[in-house]
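Report on the following structure.
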2 protein chains.
Amino acid sequence: MDIKILDVAAKAGVSSATVSRVLNNNENVSARTKFKVMQVIREMGYQPNTAAKNLRSQKTSTIGVIVPEINNSYFAEIVKGVENKAYASKFKVIICDTENSLEKEQEFVKLLLNKSLDGLVLVTPLMTNEEICHLADLHYAIGVVGRCVEHEQIPCVVTDNVSFSKEVVSHLVERGHRHIAFLSGYADAVDSYERLEGYLKGLREHHLPFRPELIENGNFNERGGYEAMMRLVKRQAGFTAIYTANDEMALGVYWACSELGIRIPEQLAVVGVDNQRIGRYITPGLSTVSQPKTRMGRAIVEKLLARLEHQELVGERIVMIQSELIIRGSSNHYIC
Amino acid sequence: MDIKILDVAAKAGVSSATVSRVLNNNENVSARTKFKVMQVIREMGYQPNTAAKNLRSQKTSTIGVIVPEINNSYFAEIVKGVENKAYASKFKVIICDTENSLEKEQEFVKLLLNKSLDGLVLVTPLMTNEEICHLADLHYAIGVVGRCVEHEQIPCVVTDNVSFSKEVVSHLVERGHRHIAFLSGYADAVDSYERLEGYLKGLREHHLPFRPELIENGNFNERGGYEAMMRLVKRQAGFTAIYTANDEMALGVYWACSELGIRIPEQLAVVGVDNQRIGRYITPGLSTVSQPKTRMGRAIVEKLLARLEHQELVGERIVMIQSELIIRGSSNHYIC
DNA sequence: ATGAAAGCGCTAACAC
DNA sequence: GTGTTAGCGCTTTCAT
């Protein structure tokens, strides 16, 4: 059997309470005793039993993180930030890759209820805001990334969709474009909606008319982008630039253009969002918006751990992370 | 305070032992009692406390997985397999992204010692085989992916580096190549070594001489591949094809070729390993070897959980996962 | 088939 | 500054 605290206590000639105090850096231990105990701990290779500690202290030093798919660089980067920050605070991280299954997500949430987890990070969750708020009402510590949930005690890390989308429009206008199409993702995604909003605000700022026939939906994936672009072209609406709500759809646009013989950027400027690695390798390089994903992960953990420590949220509830427009060949061309 | 097993017992008019039996699907409970207890559990929304359960049963239903970097599709896919399989068996997964820090890796291993984890999966670990074997000697459940550790009780999931490398050579020979260069990763990496071995065996099989001046090291990254290719060319060794130990270095070769005006595949055939997504988008498409990463993750968890259940390893200790050669434009050209 | 009771290994309130 | 001790909430003999 393993060594337990009483074994250490016996060998060090003190009580288990004193050993516990040493382990938990309690003030009330003389330097001499502390030294002695530490020495015995090292000698015996003692490791405090986590389950016993958790049971007694009603804490686990563990948080969960739920992502739709871990094998997607966007989420993997966020998870990295979560793990790194948690590790720095001696917290463990249990992951859940839901594969877009609401059921699996809800199943995982039970780890909060059965006290396997001190807190939970939801990255673009499938659950409704009501469900999330309900958990927070029950005083569970929740943090959300990529969506804004209206609840006093829920910190949210979001991106500045509206602001960078306006920036994209400004950039295109500056290059001489006046007819800019927009490809959204699924209609009900917040990111989609907010990027559309930013696009519209950008147009207004530059006194450009909003033309509904220049809006299409591409479901956030490559094929969807391809098909949306085909529909747009067939409509003969006339546009010289396209802003796609993510890089994936931009790839679909590239694909469509190569089939249709449309030259990028001379005949069509393209700007995406996500700064996927591929964008740097395709020709021409894809202009895009870069979001500091790892930092987003770190930020939400910071908020969550503070909430855990002080029993309530501290500081700003909503953390908006600034993104950066990266201009590459696909939109870096002046038209007259 | 939360509801505990005694509350359920009281309300159901039974003892806590009976409730526990129901929860753990023990045979010795009458159908009637079981039904009644289940009903009360549901009514009260009872959730068994994990820490108490863990403490009492000396198990955690949790495994750890250590990867060098989670934000790398190769490892992310493996983690996905690990998580999916674990979830299917009601196990939780704690991740550790070491960022190639041996220290962090060793720190994480302590979770095994302090009983936070029932088992641990090491993906291309930094630790020495000795360290890993030592843990296994102490009867901790360990699984290794991407490296073969010689220990009775350690299951290993590895790829068929030698065999697919031979296949790559055969493919190139079939296209008419007789002077094939090889770019290895870091010299001490097993993958590097085995791929080199397969390359050499492939040459022998086709009665081609081994020419040491055609071997270079590119550190598994893009820049390294670029520099290695430059050295190779400067050497004027004369070769018409190059096999790089991963796709990353192949990208470096593309880069070098574009600077040097070498046409792929007409003047140089290129084959990589990993089937990174980028390979499909660059021009010409990169021939590569695809490894079923998610399946590797599932496989090691399967082994590990079986080992946990039966207290010892069952079935094959070494699982070799078959890879697939994907031929794209970069090598699909016959030379005379 | 069910209940009583003894811990699992630790922490913290209380006593000295 | 240190020791004693009572649990944390569950599982599992051992009775019955």
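Chain letters run A, B, ... following the sequence lines, proteins first, then strands; residues in each count from 1.
No contact: A:Asn54 has no heavy atom under 4.0 Å from any strand. Nucleic acid contact class of A:Thr18 (heavy atoms, under 4.0 Å, all strands): sugar-phosphate only. In this structure, A:Asn28 reaches the bases: a heavy-atom distance under 4.0 Å links it to at least one base atom across the strands shown.
Taking side-chain N and O atoms only, A:Gln58 has no distance below 4.0 Å to OP1 or OP2 of C:dT11. Contact check, A:Tyr46 against C:dG9: no side-chain N or O comes under 4.0 Å of OP1 or OP2. Applying the 4.0 Å criterion to OP1 and OP2 of D:dT4, one finds that A:Ser16 has every side-chain N and O outside that range.
No salt bridge links A:Asp191 with A:Arg147; every basic N to acidic carboxylate O contact stays at or beyond 4.0 Å. Salt bridge A:Lys59/A:Asp118: absent, no basic N to carboxylate O contact under 4.0 Å. We find that B:Glu43 and B:Lys11 are joined by a salt bridge, their nearest charged nitrogen and carboxylate oxygen being less than 4.0 Å apart.
Nearest to the side-chain atoms of B:Lys53 among the listed nucleotides C:dG3, C:dC10, D:dT11 stands D:dT11. Of the candidate nucleotides C:dC10, D:dG1, D:dG9, D:dG9 has the atom nearest to the side chain of B:Asn49. Looking at the side chain of B:Lys4, the nearest of the listed nucleotides D:dT2, D:dC10, C:dG3 is D:dC10. Picking from D:dC10, C:dT11, D:dC8 the nucleotide with the shortest atom distance to the side chain of A:Leu55 gives D:dC8.
When the P atom of C:dG9 is taken as reference, atom NZ of B:Lys59 falls 15 Å away, rounded to whole Å. Rounding to whole angstrom units, CZ of residue A:Arg21 and C1' of C:dA15 are separated by 11 Å. Here the C1' atom of nucleotide D:dT13 and the CG atom of B:Asn26 are 12 Å apart, to the nearest Å. One can place CG of B:Leu6 at 12 Å from C1' of C:dG3, the figure rounded to the nearest angstrom. Computed from coordinates, the A:Gln47 CD to C:dC10 P distance equals 11 Å when rounded to whole Å. The distance between atom CG of A:Asn114 and atom P of D:dT11, rounded to the nearest whole Å, is 12 Å. Straight-line distance from the NZ atom of B:Lys34 to the P atom of C:dA1: 12 Å, rounded to whole Å. Distance A:Arg56 CZ to D:dC10 P: 16 Å, rounded to the nearest Å.
Mapped onto DNA chain D by nearest heavy atom, A:Glu27 and A:Ala17 fall at different nucleotides, with A:Glu27 at the one closer to the 5' end.
B:Lys4 forms no cation-pi arrangement with B:Tyr46, by the criterion of a distance under 6.0 Å to the ring centre and an angle within 45° of the ring axis.
Looking only at distances, a side-chain donor or acceptor of A:Asn72 sits under 3.5 Å from a matching main-chain atom of A:Tyr74.
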